[in-house]
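Everything on this sheet refers to the single structure shown next.
Order of the sequence lines fixes the chain letters, A, B, ..., with proteins taken first and strands second; residue numbering starts at 1 for each chain.
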There are 2 protein chains.
Amino acid sequence: MAPTLNERKEQILRAVVVNYIKTAEPVGSRTVARLYKVGLSSATIRNEMADLEELGYLVQPHTSAGRIPSQCGYRYYVDNLMEPGDISDDDEKVISNYLSFEKMREIEQIINNSARVLSSVTNQTSLIMGPQFKKSAFHQLRILPLDEKRGLVVLITDTGFIKNKVIDMQQQLTQAELHQVVSYLNQKLYGLTIDQVTTSLINELKRDLFKRLEILEQAFILLEESLKEEKQIRVFLGGTTNILNQPEFKDVDKIRRMLNLFEQEPLLFKILEETSNENDIVVRIGAENEYEDIQECTLITGTYKIHDKTIGTLGILGPTRMDYSRVISVMRRMVDYLNNRLSS
Amino acid sequence: MAPTLNERKEQILRAVVVNYIKTAEPVGSRTVARLYKVGLSSATIRNEMADLEELGYLVQPHTSAGRIPSQCGYRYYVDNLMEPGDISDDDEKVISNYLSFEKMREIEQIINNSARVLSSVTNQTSLIMGPQFKKSAFHQLRILPLDEKRGLVVLITDTGFIKNKVIDMQQQLTQAELHQVVSYLNQKLYGLTIDQVTTSLINELKRDLFKRLEILEQAFILLEESLKEEKQIRVFLGGTTNILNQPEFKDVDKIRRMLNLFEQEPLLFKILEETSNENDIVVRIGAENEYEDIQECTLITGTYKIHDKTIGTLGILGPTRMDYSRVISVMRRMVDYLNNRLSS
DNA sequence: CTTTAGCACTCTACGGTTAAGAGTGCTAAA
DNA sequence: TTTAGCACTCTTAACCGTAGAGTGCTAAAG
């Protein structure tokens, strides 16, 4: 869609982006001439940079400063100029070092740890959406009587999640009655994703069951509630303090807005879900993001799967001035890791 | 221990503390004379303030500024000058409004919500230690076979916690064998607190059981691990961004140190545990805190119970310049709330 | 026609100076 | 013992002026 630039302009744009990513300082024509063997004088580069500014790829903070990439500039860089490249050896070393230590079994811990790794390698803030229970398929339901009044509902999905919840049972059920209810439910719900277990479906089942047993009111309400609650998903954060190291966040007010965002789990969830794409790593630069408070940031997301079923999203959030190539390769690496780790 | 001040000095000290808490500006003698009907001229107050400074209760940021309370000054204020007072009507209204909405059943949600309330009413950062599983007593253990290879271990405590964990069972166990193991364990462990279930005790049990069944290796290792893991407790945070509103945290470096602290859950846990006292609200001002990074802060803690068993701690962390009277009363209110809520 | 050297111009960042304001300590009088 | 008065101190904000970086434009060179 964007008009293609000639090679020289591309070279210069790349030089500006790369240098600005590294130094966070506006890049002048002299710097480009010196550091990137373009074989041109600063004056020529100046002219080209003026063109690039007119085309919208560069901006000038003020008349006598160097140029910095605009959001379009970053976009062009990511789409056309960046060498995708594999993860660097150094990063790989750090990551595998981190991951080798972990003997975690609980899925939450794995996710949490991944958030930590992701943020400390990229020096950005990482967000990882916990496994989305609702996308799993119903596999099995058990009710385990605890004592006279209480029971434990255990719900097992095809992806291996186990959710449980204590319920009060006002009226006592005999073992046989309980068994009857449970096997009926299992039969009806088997294979549905949790998403598909709607309130209306539950109501229907309730009507059916009431014909046979009229004592389950309590238990049912609670089962319903429990399913509803489970749809709320945790978002794990790593390296929230990393934004403080970025010069673009020297303003306390910006920091506040970001941290505020980090406290709002449902919002983070929404942002991650909207941005992510099942099959690919997505890069949202600046105003490409829906949510206003991150329109000076770039969000990079990827998804992870359990047994080929997409189950969650990971994201890295930082200023638009971000080492795209590196972050993307690290992201790719972590997605692979999670896919392998969780499917075993 | 501290020498008692005469009434006039107390009045002036109180005035300085109160005013400084409100304005965050050094308080001059004129201000004290004007706003707090001491019936003395600024000159007299100046002399008294010079005395108070010599005694260590006030400090001067620089020669020509007003005074601000030293940490000793705050301590004296909290111990002797502050009217303890009940929670204000406004605060009570806000709190009960928040709490009336909640229909939460899960303990984690209750805690999390409490953290939110606490922080938004006090405008400080709140920390709440999740229920301390390890202080509960062992009540009942169940193993629920899921399929050929896996089982669900369910652990129930006297305080009503339910913890569960999936285990892989390499060798198959018959129902009878399983039952035997489980009832043996229940018998041996009943009534012990989780704290008391040490590795050595588990090893002992293991030896005992191996005489009868030699197939439990796997299951046992996993049970042991699961108990160990459960000793790690979550700390819920609320209002971490509130510190940004405090003028004492205008320095980005201080902000970073605090946020860094907030990311280290085990450390928060340690701080809360060290500070808290089962029977009372504890106020730790500045250097009274062990941990270096909060020695410019005040930490106020209280504990909550389930069935008269202390099970967790809540804390409020803010700059030493904090509305002590208000925070303490709010803290007291929330402790009461949690005690009632969780014991039902 | 493209590239380059040169130069005047613009804007920021920084250091130093100044003036206003707040509050003190001291002295002497009430 | 208290208070009025005053000189003194220190901070803060505003206001220069200058150095430095980088530009845009022009004119010459390739």
Next on the checklist: If I take atom CG in residue A/N47 and atom P in nucleotide D/dC25, what distance separates them, rounded to the nearest angstrom?
Outcome noted: 9 Å

Checklist entry - Hey, is the side chain of A/R30 poking within less than 4.0 Å of OP1 or OP2 on C/dT4, counting only N and O atoms? => result no

Checklist entry - Under the 3.5 Å rule, do the base of C/dT24 and the side chain of B/S64 count as making a donor-acceptor pair? => result no

Next on the checklist: So, OP1 or OP2 of D/dC10: does either fall under 4.0 Å of a side-chain N or O from B/T63?
Outcome noted: yes

Checklist entry - Centres of the A/Y324 and A/Y74 rings: under 6.0 Å? => result yes

Next on the checklist: Whole angstroms only, please: what is the CD1-P distance between A/I45 and D/dA21?
Outcome noted: 18 Å

Checklist entry - To the nearest angstrom, how far is B/L58 atom CG from C/dG23 atom C1'? => result 14 Å

Next on the checklist: Partner lookup for D/dT1, please. Criteria are Watson-Crick or G-U wobble with both distances under 3.5 angstrom; report none if nothing qualifies.
Outcome noted: C/dA30

Checklist entry - Are a donor atom and an acceptor atom from the side chains of A/S120 and A/Y98 found within less than 3.5 Å of each other? => result yes

Checklist entry - Please give, in whole Å, the distance from D/dT2 P to B/K9 NZ? => result 10 Å

Next on the checklist: If we count only N and O atoms by modelled type, under 3.5 Å, do the side chains of B/E290 and B/Q295 hold a donor and an acceptor together?
Outcome noted: no

Item to check | Listed nucleotide nearest any side-chain atom of A/H62, set C/dC11, C/dT24, D/dT9 | outcome: C/dC11

Checklist entry - Which part of the nucleic acid, if any, lies within contact of B/S42, taking any heavy atom under 4.0 Å across all strands shown: a base, the sugar-phosphate backbone alone, or nothing? => result nothing

Checklist entry - Nearest nucleotide by nearest heavy atom, which residue falls closer to the 5' end of DNA chain D, B/S41 or A/E53? => result B/S41

Checklist entry - Who does D/dC6 pair with, Watson-Crick or G-U, both distances under 3.5 Å? => result C/dG25

Next on the checklist: Between P on C/dT24 and CD on B/E54, what's the gap in Å once rounded to a whole number?
Outcome noted: 16 Å

Item to check | Any B/R67 side-chain N or O less than 4.0 Å from OP1/OP2 of C/dA22 | outcome: no

Item to check | Spacing between A/Q60 atom CD and D/dT23 atom P, to the nearest angstrom | outcome: 7 Å

Next on the checklist: Would the base of D/dG22 count as contacting A/R34 through its side chain, where contact means a donor and an acceptor less than 3.5 Å apart?
Outcome noted: no

Next on the checklist: Under 4.0 Å, heavy atoms only, any strand: does B/A43 hit a base, just the sugar-phosphate, or nothing?
Outcome noted: base

Checklist entry - Atom CG of A/L40 and atom P of C/dT2: how far apart are they, to the nearest Å? => result 13 Å

Next on the checklist: Using whole Å, what does the distance between atom C1' of nucleotide C/dA13 and atom CD of A/E25 come to?
Outcome noted: 12 Å

Next on the checklist: Let's see if you can work this out: which of D/dT3, D/dG22, D/dT9 has an atom nearest to the side-chain heavy atoms of A/T31?
Outcome noted: D/dG22

Checklist outcome for this item: Taking a pair to mean Watson-Crick or G-U wobble geometry with both distances below 3.5 Å, D/dA29 pairs with C/dT2

Checklist outcome for this item: Considering only heavy side-chain atoms of A/R8, the closest of D/dC10, C/dT3, C/dT24 is C/dT3

Checklist entry - Among C/dT3, D/dT23, C/dA22, which is the nearest nucleotide to the side chain of A/T44? => result C/dT3

Checklist entry - Side-chain contact, heavy-atom cut-off 4.5 Å: A/I68 with A/R321? => result no

Checklist entry - Knowing that exactly one of B/R332, B/R333, B/R326 qualifies, which makes a salt bridge (charged side-chain N to carboxylate O under 4.0 Å, His left out) with B/D91? => result B/R326

Checklist entry - Given that both distances must come in under 3.5 Å, which nucleotide forms a Watson-Crick or G-U wobble pair with C/dG15? => result D/dC16

Checklist entry - Got a donor-acceptor pair under 3.5 Å from the side chain of B/R46 to the base of D/dG5? => result yes

Next on the checklist: When you compare the side chains of A/E10 and A/Y76, does any donor N or O come within less than 3.5 Å of an acceptor on the partner?
Outcome noted: yes

